[in-house]
Novice: 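There's a structure below that I have some questions on.
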Amino acid sequence: METLNIVYLVGAILIFSSIMASTLSARLGLPLLLLFLGVGMLAGEEGILGIEFSQYGIANFVGQAALACILLDGGLRTSFKSFRVGLKPAIVLATWGVFATVLVLGIFVTWLLDVDWRIGLLMAAIVGSTDAAAVFSLLRNGGVKLNDRVQATLELESGANDPFAILLVTGLIALNVDPNSQSVLGFFGLLAQQLGFGMFMGLASGYLLSKLIPKLHLAVGMYAILIMSAGLAVFAATNLIGGSGFLAVYLAGILIGNNRVRATEHVLRVMDSFAWLSQAVLFVVLGLLVTPSNVLNVWHYSVAITAFMIVIARPIAVYSSIKAFGFKDREIGFISWVGLRGAVPITLAILPVIAGLEDAFLLFDIAFGVVILSLVLQGSTIPFMSTLFKVRVPHTPEPDEQMEIWVSDQASITLYEFEVKPGAFAMGRHPLDISPTISNDEIAVFALIRNEKIVVVDKETTLQYGDRVWYGLRGNHAAKIARIYNDIKLDRRKVDDFYGDWMISPNVKLGDLPFFDENIPSTPPNTKVTYHKDGSPINMWQQTVAEFIKANLNAPPVPGDMVQIDEEWALIIKEVDNRGTLRTIGLKHYQVK
């Protein structure tokens with residue numbers, strides 16, 4: 001009994017320490033997941049507590065369960081609208097991209113380690129896929145807003161590439177154990193089985209659960225537990241029939257998350273806690289498992305493999321995967337850089353140890369070093385690299401908080417919280433008299449909080465700096481009110497610098513804009529020429545702004561996309577609706593020196 005309590009105490013202290021360490025993440029500029037690993041290593045056999053933990057089977061069990069939970073949460077937060085711009089390139093990246101990375105990197109590893117090519121390919125397969133835990137954590141909580149095409153592609157890739165990586169690792173382990181048992185035809189048959197059963201189980205279970213959950217009447221806290229248990233059941237059942245449990249649980253989460261009903265009102269908040277707990281436990285356990293001195297003994301191999309992967313293997317794989325989808329070179333460059341490795345490579349590196357391969361511990365120690373280097377080099381430089389590759393878009397003002405209240409099984413009201421910032425246009429105005437374009441029947445004040453106390457709103461009430469107001473809104477006015485509550489000059493300066501000084505309609509013709517000389521040639525240099533059905537060239541000045549952008553943009557449009565008109569003028573997309581229709585376009589002028 002005493003031993004059991006010691007285990008409880010130590011485990012709780014480690015998790016508590018990991019969460020407390022998260023407060024240092026932003027200050028140090030380090031990824032939070034790296035701090036979780038550090039806590040585990042400090043508690044390990046060569047750390048402060050000296051805990052000896054070498055149970056690879058237990059670590060694999062924890063890793064599989066944690067990754068399933070993280071993928072389920074990622075699926076719940078993946079909107080169908082991200083499929084419009086990211087699905088096709090993500091699928092290619094998750095399949096051919098992983099294979100190309102493994103092939104190119106495997107050749108290098110075989111030469112570097114001077115080992116059999118089967119071991120070289122196995123090492124490459126272990127670190128060949130990006131990690132969902134790392135990508136979801138750093139992209140969604142890193143404070144950087146990327147253009148939707150890049151963000152959706154990276155997230156969908158990380159959620160979908162695990163099955164292919166796991167298949168490559170298990171196939172290569174079998175090839176090392178018994179070379180005669182493997183064939184190319186058998187490999188592709190196993191791949192089709194994994195993907196086919198995974199997709200079927202994920203889509204079928206996700207559809208059934210999305211229809212079942214609204215019919216249940218449970219205590220509020222039970223819905224998240226129900227979804228979690230169902231997700232783990234789907235994961236395990238799919239694995240048992242020979243499919244990819246990771247793909248199945250991710251797809252099930254997507255279908256459930258996109259069918260928002262009263263029953264799932266509080267699920268995302270609870271699932272967020274489950275996902276963070278899973279990440280903390282997973283990385284602490286993996287930190288306990290590793291022996292730091294062994295990792296240091298092979299650090300030169302880890303550095304060389306990481307450098308080759310970041311500079312050569314990943315860019316080749318990404319370029320060959322998504323160039324055909326109209327991605328710009330700077331977008332390809334950023335996606336290549338953010339090939340984050342995390343828990344998945346370490347979890348995959350456990351499999352050769354369990355299988356008893358001769359060089360298994362060498363592969364595990366190198367993979368651990370690669371993960372640390374990836375989190376440090378790639379994870380901590382995302383803000384800088386997003387600016388360097390020009391895939392970062394400015395943060396538009398948003399509500400400080402929002403809460404969905406379901407008034408029936410199918411209908412909900414969303415409450416939005418806004419705080420009066422210094423220099424805000426709302427300061428000194430009545431909470432209901434902040435914009436002439438919002439009628440009184442579209443806005444209602446739910447609560448006004450001043451100095452942490454609720455203030456009764458009457459006709460004489462005016463807003464002060466620091467006031468927090470909760471509104472109930474009808475219509476899409478949240479972004480507009482957020483701008484009113486923020487520093488107008490500061491926000492306007494940032495937006496103008498990025499989108500330009502003029503906002504224009506996508507339906508206006510280029511030739512009708514008052515900024516261009518009538519003597520400009522019909523098609524300036526470096527501008528794509530489009531043609532009528534009879535083969536004659538179209539005069540670009542007769543095109544609408546939307547037609548011109550779509551003719552010169554080879555990918556689905558997203559906010560932040562820029563199309564150059566000539567050397568002085570450019571069009572920058574500011575707003576796109578869920579169907580991909582252009583709404584607002586910025587016109588930006590460049591000073592010619």
Novice: Kindly compute the distance separating OH (Tyr485) from CE (Met427), expressed to the nearest 0.5 Å.
Specialist: 11.0 Å
Novice: Could you tell me whether Arg149 and Asp561 make a salt bridge, using a distance below 4.0 angstrom between a side-chain N and a carboxylate O?
Specialist: yes
Novice: Check whether any side-chain heavy atom of Leu93 lies under 4.5 Å from a side-chain heavy atom of Val318, and answer yes or no.
Specialist: yes
Novice: In terms of heavy-atom contacts, does OH of Tyr207 have more than 12 from other residues, nucleotides or ligands at under 6.0 Å?
Specialist: no
Novice: Among Asn147, Ile573, Val393, which residue meets the side chain to side chain contact (heavy atoms under 4.5 Å, CB included) test with Val558?
Specialist: Asn147
Novice: Could you tabulate the donor-acceptor pairs under 3.5 Å formed by side-chain atoms of residues 383-390, not counting sequence neighbours?
Specialist:
residue, atom, partner, partner atom, Å
Ser386, OG, Ile382, O, 3.1
Ser386, OG, Pro383, O, 2.7
Thr387, OG1, Pro383, O, 3.2
Thr387, OG1, Arg392, NH1, 3.4

Novice: In chain order, what residues pass the salt bridge (charged side-chain N to carboxylate O under 4.0 Å, His left out) check against Arg429, with sequence neighbours excluded?
Specialist: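 Residues passing salt bridge (charged side-chain N to carboxylate O under 4.0 Å, His left out) with Arg429: none at all.
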Novice: Sequence neighbours excluded, which residues qualify as side-chain hydrogen bond (donor to acceptor under 3.5 Å, both in side chains) partners of Lys88?
Specialist: none
Novice: Only counting residues at least two apart or in another chain, list the ones meeting salt bridge (charged side-chain N to carboxylate O under 4.0 Å, His left out) with Arg314.
Specialist: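 Residues passing salt bridge (charged side-chain N to carboxylate O under 4.0 Å, His left out) with Arg314: Glu157.
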Novice: Between Val85 and Ala152, what is the shortest heavy-atom contact and its length?
Specialist: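 Reported closest heavy-atom pair: CG2-CB, 4.0 Å.
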Novice: How would you list, by chain and number, every residue that makes a salt bridge (charged side-chain N to carboxylate O under 4.0 Å, His left out) with Asp433, sequence neighbours excluded?
Specialist: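 Listed in chain order: nothing, the list is empty.
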Novice: Quick check: do Leu587 and Leu571 have side-chain heavy atoms less than 4.5 Å from each other?
Specialist: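 Of all side-chain heavy-atom pairs linking Leu571 with Leu587, at least one is under 4.5 Å.
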Novice: Can you tell me how far CD1 of Ile449 sits from CG of Asn451, rounded to the nearest 0.5 angstrom?
Specialist: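 Going from the CG atom of Asn451 to the CD1 atom of Ile449 covers 11.5 Å.
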Novice: Please confirm whether Tyr471 and Phe446 have ring centers closer than 6.0 angstrom.
Specialist: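 They do not qualify: ring centres at least 6.0 Å apart.
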Novice: Flag yes if more than 12 heavy atoms outside Tyr465 fall under 6.0 Å of its OH atom; otherwise flag no.
Specialist: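 Atom OH in Tyr465 is not packed in, count stays at 12 or less.
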Novice: Taking Val563's backbone N and O only, do any of them form a donor-acceptor pair with Asn552's side chain (distance below 3.5 Å, no angle check)?
Specialist: no
Novice: Please name all residues satisfying salt bridge (charged side-chain N to carboxylate O under 4.0 Å, His left out) with Glu452, sequence neighbours left out, ordered by chain then number.
Specialist: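 Glu452 satisfies salt bridge (charged side-chain N to carboxylate O under 4.0 Å, His left out) with Arg468 once adjacent residues are dropped.
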Novice: Looking at Lys81, I want to see if its NZ is surrounded by more than 12 non-hydrogen atoms of other residues, nucleotides or ligands under 6.0 Å.
Specialist: no
Novice: With a 4.5 Å heavy-atom cut-off, do Val457 and His430 have their side chains touching?
Specialist: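 Yes - at least one pair of side-chain heavy atoms lies under 4.5 Å apart.
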Novice: How about Val92 and Ile322: do any of their side-chain heavy atoms sit closer than 4.5 Å?
Specialist: no
Novice: Any heavy-atom pair between the side chains of Phe83 and Ile254 that's under 4.5 Å?
Specialist: yes
